[in-house]
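Residue numbers run from 1 in the order of the sequence given. Note that ligands are numbered from 1 as they come in the structure, with each ligand's atoms numbered from 1 the same way.
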Amino acid sequence: MSQYAQMQVPTGAVIADLRSDTVTRPCPDMRRAMAEAEVGDDVYGDDPSVNRLEAALAERLGKEAGLFVPSGTQSNLLAMLAHCGRGEEVIAGESYHVIRYEAAGASVLGGIALHALPVGEDGGLDPDQIRASVKDDDSHHPVSRLLSLENTNYGRAVSLARIGAAQDAGRAEGLSLHLDGARFFNAITALGCRDIDLAGGFDTVSVCLSKGLGAPIGSVLVGPEDLLARARRMRKMLGGGMRQAGVLAAAGLHALEHNVARLQEDHERAETLAKHLDTLGLGDVTQATNMVFLTPRADLDLSILPAHGLHVAAPDPAMRLVLHRDITEAGFAAVLAAFTMLAEAKGAA
Ligand SMILES: Cc1ncc(COP(=O)(O)O)c(C=O)c1O
């Protein structure tokens, strides 16, 4: 399943864009914070806003240091490059972003092998399969070095118990532990736990600011000082050393202060939408945190959705519908109405 294939673009006004929570635009208050940001040259370590953002996330997640980077992909890549050398291996879930959607960057750029494990119904990995995937000390094999988990995964908030069991298995085998927390705060919100409860057992955590949190750009990798120093060096090597990046970090700081608590609204709306689709009998529906997945009945004329101003991903076979802060009250009402019209329309078949 690809979450990036697009369906028809609405020909008229877009009333609600449900493709992803990455489509949000900075709100006026965030733009003001960006315009007023104190800045300096971050490659020299002089940008006070970047330094504040890195320190704030490191402190929240209980880590020594943070590193501001342009994207979640770069954050995960830097983590893998910092943890692993050439000929070493990352173990992760087969549907995880690091395996499926990052163009095998760790392999291409770092000579790192990627070992994909089946992912459970809850988005977690099986501890026995983790143990079995770790290679013997034998010159035929790569050296297993890092276990990379993901939370949320396809919207699913993986329970702390499940995460803990995977961590225990990884640690017992001598692996380092990374969390792709692109939607870390959606996970925290759904699990009802503290940041530290999820982040605590990992060496490094990557958190995105430009998904449900509404910042235009940016992720922060947090972890131990020495590892982050290596990641900083790699960031420069990849051309990711930014200068007056404080204008971007200010958006991240604003997002952390104002947009974490409201994620619950996105989750509630996703639940409402899922119930609506289910009641309408449109197909198979699942929902977790801010995402709804609809595998539509074959006879539906899905072109009704863009015709009514919905920008949606193509079904593959499920259609991913993502709730976020840029969907207004009226936009959400229009989403519900468009699906009602889909159910009432004469089928395509
Ligand atoms: C789970 C997960 N990890 C990492 C990323 C990469 O983030 P970016 O698009 O900022 O590179 C995404 C993007 O959607 C994601 O969903």
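Each of Asn76, Thr152, Thr73, Asn153 was evaluated against Asp180; a single residue qualifies, Asn76, per the side-chain hydrogen bond (donor to acceptor under 3.5 Å, both in side chains) test.
No side-chain heavy atom of Asp284 sits under 4.5 Å from any side-chain heavy atom of Leu294.
Figure legend: cation-pi geometry between Arg269 and Phe332, with NZ or CZ positioned under 6.0 Å from the six-membered ring centre and within 45° of its axis.
The 12-atom threshold is not exceeded at CD of Glu59, counting heavy atoms of other residues, nucleotides or ligands nearer than 6.0 Å. Remark: Arg171 CZ is packed, more than 12 non-hydrogen atoms of other residues, nucleotides or ligands lying under 6.0 Å away.
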Handout entry: Test side chain to side chain donor-acceptor pair (under 3.5 Å) applied to His178 and Ser206, step by step
Key = CA-CA 8 Å; His178 172 68; Ser206 168; 5.1 Å; no

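The distance criterion of under 3.5 Å between nitrogen or oxygen atoms is met by Asp180 with respect to ligand 1. For Lys211, a nitrogen or oxygen atom sits less than 3.5 Å from a nitrogen or oxygen atom of ligand 1, counting backbone and side chain alike.
Within the listing of ligand 1, atoms 10 (O), 11 (O) sit less than 4.0 angstrom from a heavy atom of Ser71. Remark: ligand 1 atoms within the under-4.0 Å shell around heavy atoms of Arg183 are 14 (O), 15 (C), 16 (O). Proximity to Glu102 (heavy-atom distance under 4.0 Å) selects the following atoms of ligand 1: 4 (C). For ligand 1, the atoms lying closer than 4.0 Å to a non-hydrogen atom of Asn76 are 4 (C).
Scored by the salt bridge (charged side-chain N to carboxylate O under 4.0 Å, His left out) test, Asp128 finds Arg131 as partners (sequence neighbours excluded).
Contacts with ligand 1 closer than 4.0 Å are made by side-chain heavy atoms of Glu150 only, the backbone lying farther away.
In this structure, of Gly181, Gly155, Gly72, the residue bringing a heavy atom nearest to atom 10 (O) of ligand 1 is Gly72. Nearest-heavy-atom check against atom 11 (O) of ligand 1 across Thr73, Val98, Asn153 picks out Thr73. Remark: among candidates Ala182, Ser219, Ser95, the nearest residue to atom 2 (C) of ligand 1 is Ala182, based on non-hydrogen atoms.
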